[in-house]
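Just below is one structure, and these are the notes that go with it.
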Amino acid sequence: MDLKDRLSVDTWTQSSSSGSGNELPKDQQSFTNFSLQQQQQQKWEDPSVLDYGVRIEPAFQEFNQTSATPSSLPCNPNSQIKILNREDCQMNEMLEPNRIQDWDPRVMLSNLSFLEQKIHQLQDLVHLIVGRRSQVLGRTNELVAQQQQLVTADLTSIIVQLITTAGTLLPSVKNTLSTASPSVGQLGQLGGVLFPSGTGMNGGAVAQSSGGSKVSDQSNQIDLTGACGIEQNNATEEHELKDEDDADEGENLPPGSYEILQLEKEEILAPHTHFCMICGKGFKRDANLRMHMRGHGDEYKTPAALAKPNKESSSEPMLIKRYSCPFAGCKRNKDHKKFQPLKTILCVKNHYKRTHCDKSYTCSRCNTKKFSVIADLKTHEKHCGKDKWLCSCGTTFSRKDKLFGHIALFQGHTPAIPLDETKGSVGPSDRGEGNGAANKVGSVGFNFSSNASSGSGVQDMMDVKRGADEPTGFFSPLTFDPCSLVGFHEFPRPPFEDSESSFSFLVPGSCSYTRKTGGESSSNDLE
Amino acid sequence: MKRQKGVVDENIFDVLTEEIVFTILDFLDPNPLDKKSFSLACKAFYGIESRHRKALKPLRSEHLITVLKRYPHLEHLDLSLCPRITDNSLTIISVLCKSTLRSIDLSQSRFFSHVGLWNLATNCSGLVEIDLSNATELRDTGAAAIAEAKNLERLWLARCKLITDMGIGCIAVGCKKLRSISLKWCLGVGDLGVGLIALKCKQIRHLDLSYLPITNKCLPCILQLQYLEDLILVGCFSIDDDSLVALKQGCKSLKKLDMSSCQNVSHVGLSSLTSDARSLQQLALAYGSPVTHALADSLQDLSMLQSIKLDGCVVTYAGLKGIGNWCASLREVSLSKCSGVTDEGLSSLVMKHRDLRKLDVTCCRKITQVSIAYITNSCPALTSLKMESCTLVPSEAFVLIGQRCLCLEELDLTDNEIDDEGLKSISRCVKLTSLKLGICLNITDEGLGHVGMCCSKLIELDLYRCVGITDSGILAIARGCPGLEMINLAYCKDITDSSLISLSKCSRLNTFESRGCPSITSLGLAAIAVGCKQLAKLDIKKCHNINDAGMIPLAHFSQNLRQINLSYSSVTDVGLLSLASISCLQGMTILHLKGLTASGLAAALLACGGLTKVKLQASFKSLLPQPLFEHLEARGCMFQWRDKVFQAELDPICWKLQLEDMQ
């Protein structure tokens, strides 16, 4: 990203901040523009991505005309929004220190009024959707889902904004931030807090800053681009980078020597990445798409059309590409202190599915092992039912030496002898505990994960928790207004995933934790 | 009347406190029968003895409840003589002994499982020692049960072949205080289990890994054990030089290392292993690589070394000379069955190690009088000399032994040319406790008379096939050596009942073997039975003149008899059945008993409740009903079936010639 990119963002923010009550469509417009720009910059040569750019515009236009019918199919255009959000986030990163450092009630007031305004906008939008519901019958599910996601994204951002607004009141936050000049690392963290902010977020940020010019000033101060910011991040934290366990990918690329790309959840989870421009059919491989295209006419049968698209024919040197996981707080996320990039898209896909997704593939033989990547299931099934090496903690190993390594490592773990009753008693109790934790976490994340369909649900959840880490009592009772809870409960509850990592996030904020459990109980009651 | 009763109460022992009586009882330890007599004196003594006793070695498990109730302070329980220890027995022990029990020996017991062990380990929290050797049926569940004994310090698992790494892993995690563990012949245990033991049990001092399929992988862990003193790696074939050389550091605390039968380890690996072991005192390299100059050289820096065992190795002159140059002063050298030991080599060794106490040159057939001269000259402090089958040593050489090595306590001259002159000289070694003269065809009563007159401390005497010995020689021994415990008169064909009658004065005699003495009759045996109350092992094979008349006094008086061999004797059903009254009797060998019928055998077997091992003619297998054997096996009795044809006795000289032909 360079200054040009930044400028485009600036203009966009200005336009959005100066927008009147009916600014939403305009926003969308700028979104698409921006996304196009970004795509061009990052993956210019990739026709499939270009595809997105092309496809996305009509989608949003349609959106303005259509209304929603409930559907939960995630689609590609969404990911574009996600990329936008990322940009917003970077914006916020830059705005953040300023805002918090000189906090005053007036800013708060303007913030709140902006929120009010935002809610009104959303209200209008929903009205609009309701009004057009009658026309919707012919629309595809995709579009309907988009609208729904947009609404939920807005709601999310409103809530997050509300939290951050409340957070500025906290002395602890002020203290930590006012110590000396905020390091880039801290900025990154704060950015993480606000990470998934939608349009509302963005607006909030603008509202806090007095004008667009100021925004650009600040961004100049802080070396501008997001990528640069991250590189600095790495530079400051470099001394902390140790050889990690998963050093398999622990290549030590110097910061800045590679370009960081971050796909969005939908893009990662999409079954197909290549789509036919004519009929919309999706393919996993580009070659398969080209084969398919032949059916659409002779012009696709030429050797040129069938040939593999040239790789970066231009003279500019190829920058090494590395990937970031979109999951905030993840070590593979570029905002993480000890960020470790992923090498390929395949790595991203597998990492995201393994770490942040529901394990939906269950082994048909043992009915206990679950996997989120189907290849893992197949690998497991090859060995399932063979000698199982069991630890007293309930962990199973396919190899004896692995079990003994595990036992050597952990105090109090012993090999569990098969046919021994102790194994049975230990296993379930552990599992029960895990479930308990999962439940607790689930109920917290739940409020936000209702907008999971917007693609940033999981992130939101994590952000809230991260927030809980830092300022105690970040969760004021205000945020957990029972009414809003009721509202969120109406959304389909997403299957909870990755209870472990969520739980680890929860632990430090013991103070807020109790409140959360309170929130949980109330939500349970409501259920 | 009342006053009189008061006088009776004023027992002089009432003056003594219980502590003082306890101290007195402590001095009675060597002979178990003394304590028994003490406890039978009166009720008070009975009670004191019950409270005093700390160790118990019961013969039957049936009476465990009453026995354990009688001895409330029992700490050491040895069940190796009980043929049948079930889970129930172990549960009873665990409930009655609770945490006072500190050690238990289950090394010969079968029929228990992990359930009983679990009860034992959980109830007896004070257990520090468990011997589970030969628990061949024990599986990992049993090992997991042992792991519950958190205070365990010493554990023997020899021949627990079904235990795997998993079970050992449980023990490693559970028994953190373990100081000594023996995993000999636990063939299911490999690197992982041993490695985990070394990793988790940091207190280990004694580690026996003999015959385990371990490789170099677990060695680094073992050598990091801070307190390891005793490491036994006998027969670990997978350990080789390459892996030992790769080891970065040796074990500094090591005092005893046994690498016998490690065929793939030469001096290269050994020097790597012992490089840091400066405090090494004992080293065993039996049946290993050749003892060359290189090997001797690689070990010469071990300044604390006291003992080296090189049994069965190929030994060179340079090797022995190299050992002679070691800086340490050796106390014990064992070269038994080493080929290549010559007069030059041995003399160069003994000349440098003048402080030698024990020397074993068994079957070093090349040594002559020269070696004996050097040995006796250089090592006057020698206490033990074993030189079986040193056939080139002439009879004159043995005179030197008696002249110079007056400290000898143990002397093995089996199959040598020693004559009466030599024996007369050797009789000057008044400290002699063990003398083996088997197959010494040149000695007669005259020589033995000198031994009997001078060596009053003799405990063990072996006169196997000493055909020149008659009753007068034995009479001299019986008179002069009242402490005699073991005597072997096998194939001394001139021995008659009078020898046995004179030996019956040796009240401590516990092992008596008189195979192939045709002149011995039931009369002599009766004398032994009456006189030697402690008789535990009796071998009267091929004593054709011993019949049922000998069995009846035996059954009556020898209540401590454990093993008996009656093969080829004239004992019949009656005699055999009468033996059933010996409650200790555990082992019987009854082959070729002409008078034995199937029903008589069945009755005897059923009557002897404590039998654990019986050797029988294979022909009886079909004559007796299978359920009988099943019943006996369930009681803990094992049967060994022999199908040897009747062998005629050879003339002793012919026998030796035949033996030499075979060699």
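Protein chains get the first letters and strands the later ones, always in sequence-line order, with residue 1 at the start of each.
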Subject >> Minimal non-hydrogen separation, Cys170(B) against Pro415(A), with atom names >> reply: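 Closest approach of Cys170(B) to Pro415(A), heavy atoms only: SG-O, 3.1 Å.
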**OP:** Heavy atoms only: give me the nearest Thr414(A)-Val173(B) pair and the separation to one decimal.
**Re:**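 In terms of heavy atoms, the two residues are closest at CG2-CG1, 3.0 Å.
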Result block: side-chain N/O donor-acceptor pairs under 3.5 angstrom for residues 211-229 of chain B, not counting sequence neighbours:
residue, atom, partner, partner atom, Å
Thr215(B), OG1, Asp191(B), OD2, 2.4
Thr215(B), OG1, Lys217(B), N, 3.3

Subject >> Residue list, side chain to side chain donor-acceptor pair (under 3.5 Å) with Ser89(B), at least two apart or on another chain >> reply: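 In terms of side chain to side chain donor-acceptor pair (under 3.5 Å), with neighbours along the sequence ignored, Ser89(B) is linked to Thr86(B).
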Original post:
Counting N and O atoms only, with roles assigned by atom type, does the side chain of Lys400(A) sit under 3.5 Å from a partner on the main chain of Met166(B), one being a donor and the other an acceptor?
Top reply: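 Judged by distance alone, no pair lies under 3.5 Å.
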Taking atom [atom1] of [X] as the centre, does the number of heavy atoms from other residues, nucleotides or ligands within less than 6.0 Å exceed 12?
X: Arg102(B); atom1: CZ; answer: no
X: Lys370(A); atom1: NZ; answer: no
X: Lys378(A); atom1: NZ; answer: no
X: Glu137(B); atom1: CD; answer: no

Original post:
Using non-hydrogen atoms and a limit below 4.5 Å, what part of residues 115-135 of chain B faces chain A?
Top reply: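 Result: none.
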Subject >> Within residues 180-187 of chain B, residues adjacent to chain A where the heavy-atom gap is under 4.5 Å >> reply: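 Those residues of residues 180-187 of chain B which would need a heavy atom under 4.5 Å from chain A do not exist here.
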Original post:
chain A heavy atoms under 4.5 Å from Leu196(B): which part of the residue, side chain, backbone, both or neither?
Top reply: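 The side chain, not the backbone.
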Give, for atom [atom1] of [X] and atom [atom2] of [Y], the distance between the pair rounded to the nearest 0.5 Å.
X: Lys176(B); Y: Gln411(A); atom1: NZ; atom2: CD; value: 5.5 Å
X: Ile168(B); Y: Phe404(A); atom1: CD1; atom2: CZ; value: 9.0 Å
X: Arg139(B); Y: Ile417(A); atom1: CZ; atom2: CD1; value: 11.5 Å

